[in-house]
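Reviewing the structure listed below.
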Amino acid sequence: MVGLKEELLKSIWHAFTALDLDRSGKVSKSQLKVLSHNLCTVLNVPHDPVALEEHFRDDDEGPVSNQGYMPYLNKFILEKVQGNFDKVEFNRMCWTLCAKKNLSKSPLLISDEDAFKVWVIFNFLSEDKYPLIIVPEEIEYLLKKLTEAMGAGWQQEQFDHYKIALNTSREGLSAWELIDLIGSGQFSKGMDRQTVSMAINEVFNELILDVLKQALPDKDGKKCLFLIKCLDKSFEISASDKKKKQEWIQAIQTTVNLLRVGSPPPHKDARQKRKELRQKLLAEQEELERQMKELQTANENKQKELETVRKQLEAAAARAAEEEKKRLQTQVELQDRFSLELEREKMVRQKMEEQVAQKSSELEQYLQRVCELEEMYKQLQEALEDEKQARQDEETVRKLQARLLEEESAKRAELEKWHLQQQQTIQMTEAEKQELENQRMIKEQALQVAMQQLEQLELERKEALEQYEEVKKKLETAANNTKSWKDKVAHHEGLIRLIEPGSKNPHLITNWGPAAFTAAELEQRQKSWKGKKATSE
């Protein structure tokens, strides 16, 4: 029953895949209802509309798809098949649903009826996997059967070329490609359409209807008769010749023996054996491929191991060469170092001798420099005394200049006071103008006298400044002499550092010219000037 179910599923698969799809990519429920109803009718299975409607109810998870239809097909149709149906009618119904959509439009050398029989034969010989295909071995078997039925010779070389071309592009042919192959006449050249149709019909009767031999039509004058006796009736059969007669008898005996032992028809048994042989060859090929892969893997592993060993040997050789190179280099370096140490020791010894001689010469020079330094110290002491006297003279001139500046400041304050009084006098009334004019004249004369005194003070200040410049030059000369002696002393004896006298106070510049004032003296003079200015105002 399992074999029957597989045969039925192949034809139903063609019909189902030919149904139109909706926008969602699924087969519509109405088409599945029509297909199910037709299958129940041709397979003599009771039709249950309620179960069908319940199974195909409208919902998002409904089985209106390729996967969803199979549970219903198995449960409500195929499991109820008893075998009491017309196989040809069932296949014709499925053929009607799929032929119009898939059959080639190009003209063929066979009729639509012959194409239908080839389609049924394809379902019988195809592999039990989807999508359905017929492998090259089964194609060769079918073409040989057709060639024998047509009474022609089999052209193995032609098929071998076709098989090579087929194997390079795909695993096998679909039903429609098989129909195109047979209908194109590629393997039936020289045969008319009637001969090809008779061959297809004979192979169809043998493979599908399990008819080993058919009764030729009765014709007058034919001999080679033989009789078949059954329980209820007898059959008188006439053959065309003795050979055909013997073939008929042999075929009938074979059929009786098969029925007696319950064996399947020879073509089905041969088909099963071919499948088993293909499966065995496939398993052997897969095993061979597996062994080849294992051998290849082992070979690759060996190659990797050899490559690793080779690399290790090369690395060891490289390390040995490197170590030898380092050893030779070390030996050369040691020899060079020994030679260098000898040369260095020789140079050190020579240098020490030179240093001893140099030290002796330096000792003599040092004693001579000590004598020179003693003389220099004496001259330096004299230069310091001169510098000290010059600084004392500078201090005297600075004090004189400070006194003159103070007197000049007092005179300027007095002049400003007189000028202020003169301005006040101008603002008096007309009655006092004459008296004021007289006083102004007196004050003008006094102002003239004061101006003369100021000019005299200016001259005295300039003379003091000139004296200051002369003393400054003397001081610079004494300082340069001192510095010269210091440099000479430092050059001859780097460890001696003299403490040189410096200026006690920073030099300040006033608006009357350069002069030496301390910060305290300048502050005192500013206070005195501000006090006099406030008194005059």
- Does the pair L78 and I12 meet the rule for a side-chain contact (heavy atoms from CB on, under 4.5 Å), with working shown? CA-CA 11 Å; L78 296 181; I12 295 174; 4.1 Å; yes
- Rounded to the nearest 0.5 angstrom, the CG-NZ distance for L143 and K145 is 12.5 Å
- Query: Sequence neighbours excluded, which residues qualify as ring pair (Phe, Tyr, Trp, His ring centres under 6.0 Å) partners of F85?
  - Reply: none
- Task: Kindly state each residue pair satisfying salt bridge (Lys or Arg N to Asp or Glu O under 4.0 Å) with at least one member in residues 341-350, sequence neighbours excluded.
- Result: E341-R344
- Task: For residues A99 and W176, report the shortest heavy-atom separation together with the two atoms involved.
- Result: CA-CH2, 3.9 Å
- Query: At their closest point, which heavy atom of Q158 faces which heavy atom of Q186, and how far apart are they?
  - Reply: NE2-O, 3.0 Å
Side-chain polar contacts of residues 326-338 - donor-acceptor pairs under 3.5 angstrom, sequence neighbours left out - could you list them?
| unit_1 | atom_1 | unit_2 | atom_2 | d |
| --- | --- | --- | --- | --- |
| R327 | NE | E324 | OE1 | 3.4 |
| R327 | NH2 | E324 | OE2 | 2.5 |
| Q329 | NE2 | E333 | OE2 | 3.4 |
| T330 | OG1 | K326 | O | 2.6 |

- Check: S184 side chain, L181 main-chain N or O, donor-acceptor pair, under 3.5 Å: yes
- For Q279, side-chain hydrogen bond (donor to acceptor under 3.5 Å, both in side chains) partners two or more places apart: none
- Query: Donor-acceptor pair, N91 side chain versus K87 backbone, under 3.5 Å?
  - Reply: yes
- Taking only residues two or more places apart in sequence, or in another chain, which ones meet T308 in a side-chain hydrogen bond (donor to acceptor under 3.5 Å, both in side chains)? none
- Message: If I take atom OG from residue S197 and atom CG from residue D192, how far apart are they, to the nearest 0.5 angstrom?
- Response: 10.0 Å
- State which residues pass ring pair (Phe, Tyr, Trp, His ring centres under 6.0 Å) with Y162; sequence neighbours excluded, sorted by chain then number. F187
- Considering non-hydrogen atoms only, spot the tightest contact between A175 and W119 and give its length. CB-CD1, 3.7 Å
- Query: Rounded to the nearest 0.5 Å, how far apart are CG of L173 and CG of L132?
  - Reply: 13.0 Å
- Message: Run E289 and K293 through salt bridge (Lys or Arg N to Asp or Glu O under 4.0 Å) and show every step you take.
- Response: CA-CA 6 Å; E289 291 178 355; K293 288 181 179 179; 5.5 Å; no
- Item | Approximate separation, where rounding is to 0.5 Å, of K117 NZ and E202 CD | 11.5 Å
- Task: For the pair E362 and Q358, evaluate side-chain hydrogen bond (donor to acceptor under 3.5 Å, both in side chains) and give the outcome as yes or no after the intermediate values.
- Result: CA-CA 6 Å; E362 288 178 355; Q358 185 179 359; 3.1 Å; yes
- Does the side chain of V88 come within less than 4.5 Å of L209's, by heavy atoms? yes
- Note on the structure: Taken to the nearest 0.5 Å, the spacing of S111 OG from Q194 CD works out to 11.5 Å
- Message: Minimum heavy-atom separation for L109 and G185, please, with both atom names.
- Response: CD1-CA, 3.9 Å
- Measuring from H47:NE2 to I77:CD1, what's the distance to the nearest 0.5 Å? 8.5 Å
- Item | Pairwise side chain to side chain donor-acceptor pair (under 3.5 Å) hits with a residue in residues 121-134, at least two apart | K10-S126, K10-D128, S11-N123, H14-N123, E127-R278, D128-K275
- Message: What verdict does the side-chain hydrogen bond (donor to acceptor under 3.5 Å, both in side chains) test give for E305 and N301, after you've listed the backbone C-alpha separation in whole Å, the side-chain angles of each residue and the deciding distance to 0.1 Å?
- Response: CA-CA 6 Å; E305 292 177 0; N301 293 333; over 6 Å; no
- Task: Would you mind reporting whether F159 and I139 have side-chain heavy atoms less than 4.5 Å apart?
- Result: yes
- Derivation and outcome, side-chain contact (heavy atoms from CB on, under 4.5 Å), residues V120 and F116: CA-CA 6 Å; V120 176; F116 161 69; 3.6 Å; yes
- Message: Within the supplied structure, the quantity of interest is the number of heavy atoms (other residues, nucleotides, ligands) at a distance under 6.0 Å from E287 CD; does it exceed 12?
- Response: yes
- Contacts of type side-chain hydrogen bond (donor to acceptor under 3.5 Å, both in side chains), residue Q155, not counting sequence neighbours: none
- Item | Heavy-atom pair of closest approach, residues I133 and G172 | CD1-N, 4.2 Å
- Tell me, which pairs form a salt bridge (Lys or Arg N to Asp or Glu O under 4.0 Å) where one or both residues lie in residues 309-318, sequence neighbours left out? E307-R310, R310-E314
- Task: Would you sort out whether D180 and L108 count as a side-chain contact (heavy atoms from CB on, under 4.5 Å), showing the intermediate values?
- Result: CA-CA 7 Å; D180 290 340; L108 300 175; 4.0 Å; yes
- Here the salt bridge (Lys or Arg N to Asp or Glu O under 4.0 Å) pairs for residues 88-104, sequence neighbours left out, are D20-K101, R92-E113
- With sequence neighbours left out, the residues meeting ring pair (Phe, Tyr, Trp, His ring centres under 6.0 Å) with F204 are none
- Query: Can I200 and I182 be said to form a side-chain contact (heavy atoms from CB on, under 4.5 Å), step by step?
  - Reply: CA-CA 10 Å; I200 294 174; I182 296 176; 4.3 Å; yes
- State which residues pass side-chain hydrogen bond (donor to acceptor under 3.5 Å, both in side chains) with T147; sequence neighbours excluded, sorted by chain then number. none
- Taking all non-hydrogen atoms of both residues into account, name the closest pair between Y72 and S36 and its distance. CE2-OG, 3.5 Å
- Can you check whether W13 reaches P131 side chain to side chain, under 4.5 Å on heavy atoms? yes
